[in-house]
Amino acid sequence: MNVQTPSAFGTIATGSGLTPGYMSGFGNGFETEALPGALPVGRNSPQRCPYGLYAEQLSGSPFTAPRTTNERSWLYRIRPTIAHTGAFAKAEAGFWRTAPAHEADVPIAPLRWDPIPIPSEPLSFVEGVRTMTTAGDAGAQSGMGAHLYFVTRSMQDEYVYNADAEMVLVPQEGELRLATEFGVIDIEPGEIAVIPRGVKLRVELLGGPARGYLCENYGGALTLPERGPIGANCLANQRDFLTPCAAYEDRDAPSKLFVKWGGALWSCDLDHSPLDVVAWHGNYAPYKYDLRKYAPVGPLLFDHADPSIFTVLTSPSETPGTANIDFVIFSDRWLVAENTFRPPWYHMNVMSEFMGLIYGVYDAKTGGGFAPGGISLHNSMLPHGPDRDAFQKASNAELAPHKLQGTLAFMFETRFPQKVSRYAAESPAFQRSYAGYGKALKKNFDPTRP
Ligand code: FE2
């Protein structure tokens with residue numbers, strides 16, 4: 001892997017061909033060019049750009065957003081985006097839903113799904129999105145869609161961008177190559193990729209079929225959470241985020257561009273590849289992050305910190321501390337707390353919790369039923385907590401230091417209640433018996449034994 005770090009003086013990172021090369025950092029003002037001298041120096045919009053390129057700004061925030069949240073990049077491309085597109089026609093959205101989408105009446109309860117097998121039919125990334133839940137309202141730029149994706153074929157001369165949402169891809173099985181306008185990102189299980197709104201890409205398989213989770217963030221861009229008294233290090237460190245170096249293709253071929261816009265899928269025909277950005281600079285760009293580089297911080301003596309301590313990225317809302325989405329992971333770590341019930345405690349939450357398991361065993365559900373590739377949903381103000389097996393083990397365990405190893409679970413947590421899709425409600429993987437798992441927890445109360 002080629003990782004290049006731009007210096008404070010703006011060293012230009014170069015990429016060539018559609019192969020991955022990365023720059024390190026989070027929210028930097030990156031500069032990168034795939035041909036020497038392609039990036040205009042000292043100005044954004046010269047009268048004539050080098051190599052006959054067009055200059056185009058991609059604004060991820062309003063022009064007037066404060067500096068801390070202002071996001072935009074300048075792209076120097078073979079054709080401007082307006083030349084890629086014409087009138088769009090409605091395309092078949094399959095099982096991809098957008099909030100508000102109240103289409104299934106599932107009784108309120110803890111909900112869980114087995115891993116859904118990868119279908120055998122040919123499915124591109126666009127065809128393979130399966131919505132599990134939606135929350136909020138995409139048109140109001142708040143909430144999220146939580147999906148599975150299945151990919152059994154690479155997109156060929158097909159491209160997509162999402163105008164409704166920033167997309168977080170969480171691979172669970174199989175590797176993907178994300179050929180984006182900004183450059184190429186390869187991801188595997190254990191890594192995530194974040195594709196901002198409006199960024200075009202083609203999704204390719206790098207090996208066998210792929211399955212993973214997809215979060216559409218309709219709200220504010222994901223950013224790093226404040227660390228407060230933790231200080232300047234640990235949790236997700238800026239240097240571990242990787243943004244691609246510029247890479248482009250000059251390819252004339254009949255092609256199709258899909259656009260997720262207004263809760264629907266649209267398409268138009270092109271006669272060339274829109275991945276034609278030869279150079280770019282700015283702070284609005286896709287990136288990837290290896291979740292195994294997350295440096296957890298937790299309780300050292302007793303008790304159990306709130307799971308917010310494991311936040312990787314957060315999409316803030318207008319209410320301080322009330323996230324549109326928190327992306328939280330539960331990864332390898334030592335448990336050392338004395339005289340403490342170490343698994344997650346029993347809980348009811350104003351936020352709603354969509355969980356997935358990338359690999360291993362999640363420590364609150366040792367009784368089985370939450371397998372890698374599976375999903376649990378603990379909705380707003382509905383109770384949840386360790387199953388009977390986990391409770392009994394943790395209540396009677398000898399509290400020596402213990403390492404949770406080989407495990408990676410995650411949560412998309414949102415302030416909005418999540419609506420279950422019809423696809424999820426009717427899936428054979430839906431575990432109808434899970435709703436009653438709490439009833440297995442027996443009364444242990446004995447007034448004679450303090
Ligand atoms: Fe919870």
Side-chain angles (χ1 to χ4, degrees), residues 106-113 132-136 143-144 146 168 170 213 215 217 222 225 235 291 294 296-299 302-317 319 321-331 333 335 337 340-358 360-372 374-395 404 407-420 424 431 434-441:
V106 177
I108 59 167
L111 304 178
R112 197 164 65 183
W113 289 264
M132 299 301 291
T133 72
T134 54
M144 70 172 195
V168 185
V170 184
Y213 305 88
C215 181
N217 170 21
L222 288 160
L235 313 185
L291 300 170
Y294 185 84
V297 171
F302 62 87
D303 265 354
H304 196 298
D306 294 328
S308 47
I309 199 79
F310 300 130
T311 302
V312 179
L313 290 165
T314 185
S315 158
S317 75
T319 307
T322 303
N324 182 60
I325 301 169
D326 280 331
F327 176 65
V328 179
I329 61 168
F330 306 97
S331 54
R333 61 200 185 275
L335 302 181
T340 293
F341 182 75
R342 289 179 176 175
W345 18 245
Y346 293 98
H347 193 204
M348 290 173 65
N349 192 358
V350 67
M351 306 284 279
S352 69
E353 308 175 10
F354 177 104
M355 278 196 69
L357 185 60
I358 301 166
V361 175
Y362 176 57
D363 65 326
K365 294 287 167 14
T366 59
F370 187 41
I375 289 166
S376 71
L377 175 63
H378 299 122
N379 228 326
S380 183
M381 279 303 163
L382 293 179
H384 52 280
D387 60 23
R388 182 179 64 179
D389 185 78
F391 177 81
Q392 288 180 339
K393 278 184 185 160
S395 300
L404 295 175
T407 181
L408 187 57
F410 73 90
M411 183 159 63
F412 302 142
E413 181 173 283
T414 173
R415 66 182 301 186
F416 299 102
Q418 294 179 55
K419 305 287 189 188
V420 174
Q431 297 178 10
Y434 179 65
Y437 82 91
K439 293 190 191 314
L441 291 152

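For ligands, and for the atoms within them, numbers begin at 1 and follow the listed sequence.
- Side-chain contact check for Pro386 versus Tyr346: some heavy-atom pair is nearer than 4.5 Å.
- No more than 12 heavy atoms of other residues, nucleotides or ligands sit less than 6.0 Å from atom CZ of Arg388.
- In this structure, the side chains of His347 and Trp345 come closer than 4.5 Å at one or more pairs of heavy atoms.
- The count of protein N, O or S atoms under 2.8 Å from the Fe ion (ligand 1) stands at 4, with waters excluded from the count.
- For residues 303-314, the pairs satisfying side-chain hydrogen bond (donor to acceptor under 3.5 Å, both in side chains) are Thr314-Asp326, with sequence neighbours left out.
- Residues meeting the ring pair (Phe, Tyr, Trp, His ring centres under 6.0 Å) test with Tyr294, sequence neighbours left out: none.
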Result block: side-chain N/O donor-acceptor pairs under 3.5 angstrom for residues 407-414, not counting sequence neighbours:
{"unit_1": "Thr407", "atom_1": "OG1", "unit_2": "Val361", "atom_2": "O", "d": "2.8"}
{"unit_1": "Thr414", "atom_1": "OG1", "unit_2": "Asn324", "atom_2": "O", "d": "2.8"}
{"unit_1": "Thr414", "atom_1": "OG1", "unit_2": "Phe416", "atom_2": "N", "d": "3.2"}

